[in-house]
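For reference, the structure is listed below as structure tokens.
These figures come from a predicted structure and were not determined experimentally. When reading the values below, keep in mind they use all heavy atoms of this one structure, side chains included, and skip hydrogens, waters and symmetry mates. In what follows, chains carry the letters A, B, and so on, assigned in the order in which the sequence lines appear, proteins first and then strands, with residues in each chain numbered from 1.
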Number of protein chains: 2
Amino acid sequence: MSFANGSSMRFGVNYTPRQGWFHSWLDFDPARVRDDFQAIRSLGADHVRIFPLWPLLQPNRSLIRARGIEDVATTVAIAGECELDASVDVLQGHLSSFDFLPSWVSTWHRRNIFTDADVVGAEAELVRALATALRDLPNATGLTLGNEFIQFAAPRHPDRDVIDSDEAGAWLDTLLAAAGDTWPRGTHVLSHDDDIWFDDAHPFTPEHAVTRGAMTTVHSWVFGKVGPHYGRNAEELAWFARYLCEVADAWGDGERPVWLQEIGAPDNFVDAERAAQFLTDTVSILMGERGGGVSPNLTAITWWCSHDVSRELADFPALEHTLGLIDSDGRVKPIGEAFADAVKRWGGEAIVPTSSNRPTQTVSEEMSASRRSILAADTEFFDRWYQRSRAGEVAAIAMCHPVNREEEAAARHVLAHTT
Amino acid sequence: MSFANGSSMRFGVNYTPRQGWFHSWLDFDPARVRDDFQAIRSLGADHVRIFPLWPLLQPNRSLIRARGIEDVATTVAIAGECELDASVDVLQGHLSSFDFLPSWVSTWHRRNIFTDADVVGAEAELVRALATALRDLPNATGLTLGNEFIQFAAPRHPDRDVIDSDEAGAWLDTLLAAAGDTWPRGTHVLSHDDDIWFDDAHPFTPEHAVTRGAMTTVHSWVFGKVGPHYGRNAEELAWFARYLCEVADAWGDGERPVWLQEIGAPDNFVDAERAAQFLTDTVSILMGERGGGVSPNLTAITWWCSHDVSRELADFPALEHTLGLIDSDGRVKPIGEAFADAVKRWGGEAIVPTSSNRPTQTVSEEMSASRRSILAADTEFFDRWYQRSRAGEVAAIAMCHPVNREEEAAARHVLAHTT
């Protein structure tokens with residue numbers, strides 16, 4: 001697959017194995033994977049996102065397990081047999097509140113996982129190993145560096161690595177170069193939560209999001225700010241994914257593809273019986289059904305997630321047990337049917353272009369990474385955007401930001417890395 | 001096997017898999033285990049100590065992997081086929097500088113692994129699961145709670161859990177009860193580095209060492225204090241294991257069995273070409289060859305370790321690559337031959353009883369856990385013990401310590417736990 005822009009919207013799901021969650025890598029069973037992928041395909045999804053665990057692939061800095069890599073490749077191949085394209089996140093890293101860090105970067109061996117040369121070298125080796133194993137599989141689309149890996153540098157992380165934005169950019173350049181050099185035709189991206197758009201102090205910046213990798217990725221979670229601000233089941237919540245995509249487009253060059261890589265219906269802010277409607281509303285707004293045309297440059301919508309986390313597993317945030325389109329017994333849930341309906345409604349249809357004459361809401365203050373929180377979902381800016389968008393066409397977002405200066409900085413990173 | 005006292009000394013090794021170190025659990029291969037155990041048996045060893053990895057056995061708090069437990073049981077069974085008894089450490093936990101903690105007690109899920117009721121409950125579940133799987137294997141001897149697990153509460157640990165001695169005792173009681181209730185005939189013990197004997201601030205105390213579990217265990221590592229104090233290849237180094245065993249006996253009731261569970265020749269303080277002699281000297285002194293009879297109540301000597309860690313693996317302290325009796329290509333090293341010779345010399349022979357009239361060196365000050373460092377290996381006390389022991393019979397150690405009061409405290413722990 002390619003994420004080529006302009007033909008029709010891609011719909012996929014983030015794959016959470018029905019049995020054993022991601023711990024199922026420890027007891028890899030191709031038959032179970034096939035069952036899960038057939039269930040996913042039966043909903044109309046055309047792609048999956050796959051998450052190996054870092055400590056299992058690379059338990060020692062210099063040991064990449066051949067069988068671990070092979071299990072990932074087998075998983076992608078099975079996806080292909082089920083008519084699903086597949087992308088793979090390399091460094092997990094972080095999944096559903098749990099961190100998975102190998103022992104060689106923990107406690108006595110604590111090292112900065114973004115700047116330590118040995119660590120980053122090993123990460124790049126793992127990127128190359130997966131790229132090599134996957135690049136010839138016809139349904140493999142590319143690598144994501146790691147699921148929301150930037151959390152490990154987030155001010156809110158309980159054991160974060162302190163880095164600056166130059167170091168963040170250098171890390172991205174090193175790993176994306178490893179992916180691109182090894183697998184030139186792959187669509188390789190950075191993955192991040194919305195801290196990158198809204199946390200003034202985060203070393204990973206909107207410029208990184210819109211200049212590194214083949215696409216800009218967006219993860220939309222209403223439990224961040226929009227849910228707490230507007231409350232459970234508020235109408236605003238179904239607009240948040242579109243808003244994030246508009247923000248992503250506003251930071252970019254107006255042409256760069258956007259991948260809504262994660263969007264889900266967490267039951268702490270969306271009641272279970274409203275989850276299906278939340279999905280339908282969210283997709284409808286993204287596709288421009290309410291006016292304004294499709295979210296600009298949006299190429300794919302990847303729902304989180306395929307399967308509920310079994311309640312037999314402990315310590316998950318409660319909401320993680322109900323995020324699936326399919327429950328942990330394998331039954332399609334109402335939200336799964338809503339997903340299938342959305343694919344039928346919008347998946348095969350030529351995308352309605354973004355309105356060329358829709359209104360634009362401009363950020364009045366000068367914008368920079370250190371002021372990015374002025375766009376957060378608990379601000380007057382979001383509120384105004386929501387009010388005008390729901391009343392007419394979805395508003396574009398425009399800002400005055402120092403793209404040129406930061407592009408120069410980005411260019412320096414690349415030079416520093418390649419010379 | 002039992003560790004029955006008085007017949008002949010048991011000699012064994014700590015099993016470090018030749019290929020892939022403990023990461024080999026991820027690619028469990030019974031044939032490789034068998035090869036390793038045959039090599040170990042060919043040195044004359046009669047037992048092995050086995051180390052699964054906690055995050056692989058119990059990747060989620062409520063998920064104990066059946067196949068993980070089965071792999072451990074298979075390993076013990078293979079040991080039996082190779083005429084080796086086997087004990088298993090449950091919570092690793094810590095191995096050769098690396099910590100292996102599951103994600104459900106790390107970073108966002110950080111919880112006290114000694115006092116959090118849910119965590120301790122899960123640890124006890126794992127103890128019971130292993131006890132159940134192993135108790136009917138004729139060569140299985142018992143469980144060790146976890147290799148030097150007390151390090152996670154050590155003042156020197158970079159991310160320690162702060163607990164007090166009562167909490168340490170309660171944790172021991174809970175886990176040892178889980179082991180004993182499930183596997184009454186097993187020999188279950190606590191395992192600890194020598195911080196327990198010498199670090200005044202450590203919440204695990206000598207009383208814990210000599211009152212909890214079926215035996216007192218001793219780990220003898222000259223890189224702690226005796227090596228840095230006396231220097232590389234100093235004569236004192238070969239006396240350190242005996243000294244530790246005497247200290248353990250002095251804290252105890254004079255009858256409790258002592259298991260020298262770890263003793264090794266680290267090349268930062270013992271030159272490679274002297275390692276074999278270091279082994280011979282250490283065992284000779286323990287067996288009372290230099291006068292004084294066998295170390296009191298000593299029942300087993302378990303060398304660390306079977307196989308060198310391959311130099312293909314990164315980030316180990318350099319000394320870990322040369323601790324094996326067998327190198328990473330499978331060749332028996334001179335120290336391995338010295339081990340085989342020691343087994344021939346002392347393994348089948350009735351133990352020469354500890355001299356009843358040997359000299360005693362008494363601690364002149366009142367002893368307590370908070371003053372335990374007065375016995376450390378860089379003190380005048382050790383130096384005097386060494387000087388007199390090498391000149392004549394090995395001196396016993398006696399101390400005036402508040403055993404009664406602390407036994408009462410121990411009894412309170414048990415009551416608190418069982419009521």
What's the shortest heavy-atom distance between [X] and [Y], and which atoms?
X: A:Phe100; Y: B:Ser103; value: CE2-OG, 3.3 Å
X: A:Asp27; Y: B:Arg65; value: OD2-NE, 2.6 Å
X: A:Leu56; Y: B:Leu56; value: CD2-CD2, 4.0 Å

Tell me whether B:Ser62 contacts the main-chain N or O of A:Glu312 through its side chain, where contact means a donor paired with an acceptor under 3.5 Å. yes

Pick one of side chain, backbone, both or neither for A:Arg111, based on which atoms fall under 4.5 Å of a heavy atom in chain B. side chain

Greatest number of heavy atom pairs closer than 4.5 Å to chain A - which of B:Arg110, B:His109, B:His157: B:His109

Can you tell which of A:Asp99, A:Asp118, A:Asp159 has the highest number of heavy-atom pairs within less than 4.5 Å of chain B? A:Asp99

Taking only heavy atoms into account, what residues of residues 315-330 of chain B are found under 4.5 Å from chain A? B:Asp315, B:Phe316

Interatomic distance, B:Leu63 atom CG to A:His23 atom NE2 [nearest 0.5 angstrom]: 6.5 Å

B:Thr107 versus chain A, heavy atoms under 4.5 Å apart: side chain, backbone, both or neither? both

Checking heavy atoms, do the side chain of B:Gln151, its backbone, both or neither come under 4.5 Å from chain A? side chain

Would you say B:Leu101 and A:Ser106 make side-chain contact, with heavy atoms under 4.5 Å? no

